[in-house]
Protein chains: 2
Amino acid sequence: MTSRRPDLAAMIGPLGRTLLALEAPILEAHGLAMWAYAVLLNLDSEPVRTQNALADAIGADKTRIIRILDDLAARGLIERRPDPTDRRVRLLSITAEGRRLRDATQTAIQAAENDLLDRLTPTERETFLTILQKLV
Amino acid sequence: MTSRRPDLAAMIGPLGRTLLALEAPILEAHGLAMWAYAVLLNLDSEPVRTQNALADAIGADKTRIIRILDDLAARGLIERRPDPTDRRVRLLSITAEGRRLRDATQTAIQAAENDLLDRLTPTERETFLTILQKLV
DNA sequence: TATTGTTATACTCTATAACTATA
DNA sequence: TATAGTTATAGAGTATAACAATA
């Protein structure tokens, strides 16, 4: 017997597109491409070893993030230096300015997302976010 | 003060990719491309007037679905005939065979999705689906 | 020989613009 | 003139394969 619910993907897909459309102008206003923002989000205090690992972490592919890292480094938002112990690998870290930009952008984005989440009751909202984290 | 939650998009995005990867082999096994499946899902008993409307409904663009409709029609899964009252527009309807294929595919997909949803308690699962529908 | 990062290339997906046929 | 559908083309995004440096 079919459960007769909408497909999960049929809901997640459009929701994702909505969020993307919501973020696009905010990202542009902050001078960040989507993947650049994803990179900044995944660079925290501790440096990330290997660009490969970073690419995996954000669901991209290693060849794709190179241009993005070039740009971010050129703008002083991240630092990319060779690992002294293995000069093949690059240690990636976010700079103070990068962190500032990332946080400002995130604040704006989450504010926009909150407008959407306001359709939910506070409990629903809490539950939804918890479950999402559980699924991802 | 920042809420310090992960961005909604940062969770929906990867979840969407996961679902896509989950569906890909199932869709292929049933001989359906992703957008073709989306079309079949949105065609129910009542015919859809204008391809434009259908494209909007699935978040695609009118030029994109034409090839897909051609293919589906050639395979007898949908019917596309001119509206007698305005011969510019096409009336789109799903055939019995199309419905059969769509339902079989959906059953398989939802079964796969259920494996993922099994990480949740029954109540969480219920709430999650309800909230998702509310947001989309 | 294997691995990290890089570059160049090919491929897919999507959007834009121009065309037709109807109205 | 405006609209539905179509086609052709260009552009963006992504993946594949080959390369250099290091281990």
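Throughout, protein chains are lettered first and strands after them, A, B, ... in sequence-line order, and every chain is numbered starting at 1. This is a predicted model, so every value here is computed, not measured.
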* Asked: Residues two or more places apart in sequence or in another chain: which of them pass side chain to side chain contact (heavy atoms under 4.5 Å, CB included) with B/T85?
  -> B/R49, B/D83

* Asked: Is B/R80 touching bases, backbone alone, or none of the nucleic acid, heavy atoms closer than 4.0 Å?
  -> sugar-phosphate

* Could you name each residue pair satisfying ring pair (Phe, Tyr, Trp, His ring centres under 6.0 Å) that touches residues 83-131 of chain A, not counting sequence neighbours? => A/F128-B/F128

* Asked: Does anything in residues 62-83 of chain B pair up under ring pair (Phe, Tyr, Trp, His ring centres under 6.0 Å), and if so which pairs, sequence neighbours excluded?
  -> none

* Sequence neighbours excluded - salt bridge (charged side-chain N to carboxylate O under 4.0 Å, His left out) pairs with any residue from residues 122-136 of chain B -> A/E124-B/K134, A/K134-B/E124, B/D118-B/R125

* Asked: For nucleotides 12-23 of chain C, read 5' to 3', which letter fits each nucleotide if B means a protein heavy atom sits under 4.0 Å from the base, S means only the sugar-phosphate is that close, and - means neither?
  -> --SBBB----BS

* Structure fact -> To the nearest angstrom, the CD1-P distance between A/I65 and D/dT14 comes to 13 Å

Which pairs would a plain distance check flag for residues 11-33 of chain A, meaning a side-chain donor or acceptor within less than 3.5 Å of a matching protein atom at least two apart in sequence or in another chain?
{"from": "A/R17", "atom 1": "NH2", "to": "B/I58", "atom 2": "O", "distance (Å)": "3.3"}
{"from": "A/T18", "atom 1": "OG1", "to": "A/P14", "atom 2": "O", "distance (Å)": "2.9"}
{"from": "A/H30", "atom 1": "ND1", "to": "A/I26", "atom 2": "O", "distance (Å)": "2.9"}

* **More than 12 heavy atoms from other groups under 6.0 Å of CZ on B/R80** => yes

* Structure fact -> salt bridge (charged side-chain N to carboxylate O under 4.0 Å, His left out) pairs touching residues 89-100 of chain B, sequence neighbours excluded, are none

* Structure fact -> Hits for side chain to side chain contact (heavy atoms under 4.5 Å, CB included) against A/S93, two or more places apart or cross-chain, chain-then-number order -> A/P47, A/E79, A/R81

* **Members of residues 11-22 of chain A that approach DNA chain C, where some heavy atom sits under 4.0 Å away** => none

